[in-house]
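The structure appears below as structure tokens.
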Amino acid sequence: MPELPEVETICKRLAPVLIGKTIQNIEVLREKSLQGLSTSIIGKKIVEVSRKAKLLDIKLSDSSHLLIHLKMTGQLIYQDQLQRLGGGHPTADWVDSLPSKHTRVIFRLSNHSTLFFNDMRVFGWIKHLSEEGASVEFSRYGPDIIDPAVTLEYIFSRFSKTSRPIKVVIMDSSIIAGVGNIYANDALNLAKIHPNKPANSLTQNETKELLDAMIEVINLGIKHGGATIGNFRNIDGFSGNYQTKVLVYQRENLACFNCAGIIKKTKIGGRGTFYCPNCQV
DNA sequence: AATTATGTTGCGGT
DNA sequence: AACCGCAACATAAT
């Protein structure tokens with residue numbers, strides 16, 4: 001499901017309700033979904049919840065980390081007693097029937113609260129890692145697109161080293177992290193750049209337009225609580241809203257908002273790609 | 001009913 | 001080494 005805005009949306013809501021709680025039990029309904037649990041996490045307290053790239057990072061009181069990657073269809077749904085008594089944040093109706101057939105791991109937490117990890121396609125994972133193990137995992141990623149470390153100089157230099165299509169390069173998480181298919185499509189449309197253009201053919205000006213556009217659409221995604229195209233849900237089970245703001249993603253044969261050209265669909269790097277042949281050159 | 005597509009990324013092969 | 005294509009899996013749409 002998620003790109004950076006979707007994981008950030010979950011992180012912001014999860015942090016305040018998880019921090020300070022103790023893990024009282026863990027139920028693993030699908031072994032593949034939970035890896036590396038060599039030491040017990042029962043009784044450990046959650047001290048920190050953050051996000052890096054598309055990874056959610058839950059730090060425990062013994063300095064170990066639970067890293068969660070939702071991949072295509074992962075969800076984290078939180079329930080507590082306050083909600084069940086009707087006094088908390090409202091939740092979507094379907095969360096009352098959890099666990100569902102797609103629930104893979106259940107964390108039972110203190111204060112009668114529960115965190116469900118649902119993942120239809122089972123690509124996602126939770127890994128229990130040491131501080132060093134978590135660092136290794138993070139080191140696979142370049143800086144987040146909204147990190148000030150992503151300067152024009154940095155991406156222009158990285159773009160200049162490859163002739164792969166620009167869309168493939170901005171989705172390469174070892175170069176910049178957090179730009180997935182929805183936002184890559186939209187950023188290229190906003191910057192009026194053809195997704196197939198070789199990365200090393202972009203001028204410095206075009207690169208700046210693209211950088212600004214990526215930051216803009218990612219921030220817009222965060223502002224609207226992520227995009228629910230398929231499985232993405234916030235921790236209360238409700239959808240995001242960015243899908244109503246998309247520029248080109250899944251808008252084949254509709255009019256481009258820049259120029260009223262007709263949006264076409266093609267495939268680049270094996271991924272569905274939407275662009276306006278009129279203004280994206 | 002079979003084929004194709006899906007928000008991610010890691011792998012094996014060139 | 002860079003790059004490409006596909007596999008991991010379940011489901012919905014055509």
Side-chain angles (χ1 to χ4, degrees), chain A residues 1-10 29-35 51-56 67-76 94 100-105 117-127 136-142 144-145 157-188 195-196 198-200 214 217-218 220-222 224-234 239-253 264-274:
Chain A
M1 44 139 316
E3 305 181 33
L4 188 152
E6 288 72 30
V7 183
E8 180 68 17
T9 295
I10 287 173
L29 286 68
R30 180 72 85 104
E31 291 294 331
K32 184 172 180 279
S33 298
L34 178 68
Q35 303 162 20
R51 176 201 57 74
K52 162 69 184 168
K54 299 169 189 171
L55 284 175
L56 192 74
L67 294 192
I68 304 178
H69 201 309
L70 301 169
K71 289 290 182 94
M72 301 281 268
T73 56
Q75 302 174 334
L76 287 167
W94 61 270
S100 70
K101 66 179 195 172
H102 298 136
T103 300
R104 310 303 183 192
V105 180
F117 176 62
N118 302 331
D119 186 18
M120 185 180 78
R121 291 174 74 179
V122 207
F123 295 170
W125 45 253
I126 302 175
K127 292 181 188 176
V136 169
E137 201 70 46
F138 289 134
S139 70
R140 300 132 97 48
Y141 297 91
D144 282 4
I145 180 60
S157 141
R158 295 300 299 258
F159 290 179
S160 71
K161 291 178 173 64
T162 178
S163 58
R164 293 148 83 204
I166 185 60
K167 176 163 181 272
V168 171
V169 173
I170 63 176
M171 290 178 65
D172 181 340
S173 58
S174 70
I175 296 176
I176 39 180
V179 182
N181 204 23
I182 297 177
Y183 298 95
N185 277 290
D186 275 10
L188 286 161
N196 231 343
N200 60 6
M214 287 190 288
V217 297
I218 290 284
L220 198 61
I222 294 172
H224 291 282
T228 297
I229 304 293
N231 289 267
F232 171 69
R233 296 293 184 279
N234 208 327
S239 299
N241 285 315
Y242 181 78
Q243 68 278 9
T244 65
K245 306 287 172 188
V246 290
L247 301 177
V248 289
Y249 187 76
Q250 286 193 351
R251 294 193 62 247
E252 187 181 14
N253 293 328
K264 293 280 170 284
K265 180 177 184 184
T266 180
K267 194 171 272 208
I268 295 175
R271 313 296 305 278
T273 298
F274 301 82

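The sequence lines fix the lettering, A, B, ..., with proteins before strands; numbering per chain opens at 1.
- With A:T73 as the partner, the side-chain contact (heavy atoms from CB on, under 4.5 Å) test is satisfied by one option alone out of A:N118, A:N231, A:V122: A:N231.
- What separates CD of A:E3 from P of B:dT6 is a distance of 13 Å, to the nearest Å.
- Contact check for A:I229 versus A:Q250: side-chain heavy atoms found under the 4.5 Å cut-off.
- Atom pair A:N185:CG and B:dA5:P shows a separation of 15 Å (rounding to whole Å applied).
- Spacing between atom OH of A:Y141 and atom C1' of B:dT9 amounts to 7 Å, rounded to whole angstrom units.
- The side chain of A:R140 contributes no N or O atom lying less than 4.0 Å from OP1 or OP2 of B:dT9.
- Within 4.0 Å of A:G269, counting heavy atoms only, lies no atom of the nucleic acid at all.
- For the pair A:R164 and A:D172, the salt-bridge criterion is met [side-chain N within less than 4.0 Å of a carboxylate O].
- Note on A:G180: only backbone sugar-phosphate atoms sit closer than 4.0 angstrom, heavy atoms only; bases stay farther off.
- Checking the phosphate oxygens (OP1, OP2) of B:dT4, no side-chain nitrogen or oxygen of A:K265 falls inside 4.0 Å.
- Ranked by how close their nearest DNA chain B nucleotide is to the 5' end, A:W125 and A:M120 are led by A:M120.
- When side chains are defined from C-beta on, A:I68 does not count as touching A:K127, because their heavy atoms never get closer than 4.5 Å.
- Once you apply a 4.0 Å limit to the heavy atoms of chain A, the touched nucleotides of DNA chain C run 5' to 3' over C:dC3 to C:dT11.
- Residues passing the side chain to side chain donor-acceptor pair (under 3.5 Å) test with A:N196, sequence neighbours excluded: none.
- For A:I176 and B:dT8, the CD1 to C1' distance is 16 Å, given to the nearest whole Å.
- One atom, NZ of A:K54, and another, P of B:dG10, lie 10 Å apart when rounded to the nearest Å.
- Comparing A:R121 and A:S173 by the nucleotide of DNA chain B whose heavy atom lies nearest to each, the residue mapping closer to the 5' end is A:R121.
- Of the charged side-chain nitrogens involved, none lies within less than 4.0 Å of a carboxylate oxygen, so that A:D119 and A:K71 do not count as a salt-bridged pair.
- In summary, A:K54 and A:E3 do not engage in a salt bridge, as defined by a charged side-chain N under 4.0 Å from a carboxylate O.
- The distance between atom NZ of A:K267 and atom P of B:dT3, rounded to the nearest whole Å, is 16 Å.
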Item to check | Criterion salt bridge (charged side-chain N to carboxylate O under 4.0 Å, His left out) on A:R51 and A:D144, from CA distance to verdict | outcome: CA-CA 10 Å; A:R51 176 201 57 74; A:D144 282 4; 2.8 Å; yes

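- Separation of the P atoms belonging to C:dC9 and B:dC11 is 15 Å when rounded to the nearest angstrom.
- Between the NE2 atom in A:H69 and the CG atom in A:L56 there is a gap of 11.0 Å [rounded to 0.5 Å].
- Base pairing in DNA chain B yields stems of at least 3 consecutive Watson-Crick or G-U pairs, both distances under 3.5 Å, namely B:2-6 with C:10-14, B:8-14 with C:2-8.
- A straight line from CZ of A:R271 to P of B:dA5 spans 13 Å, rounded to a whole angstrom.
- We find that CD of A:E252 is positioned 15 Å from C1' of B:dT6, with the value rounded to whole Å.
- Between A:Y183 and A:Y242, the gap from one ring centroid to the other is short of 6.0 Å.
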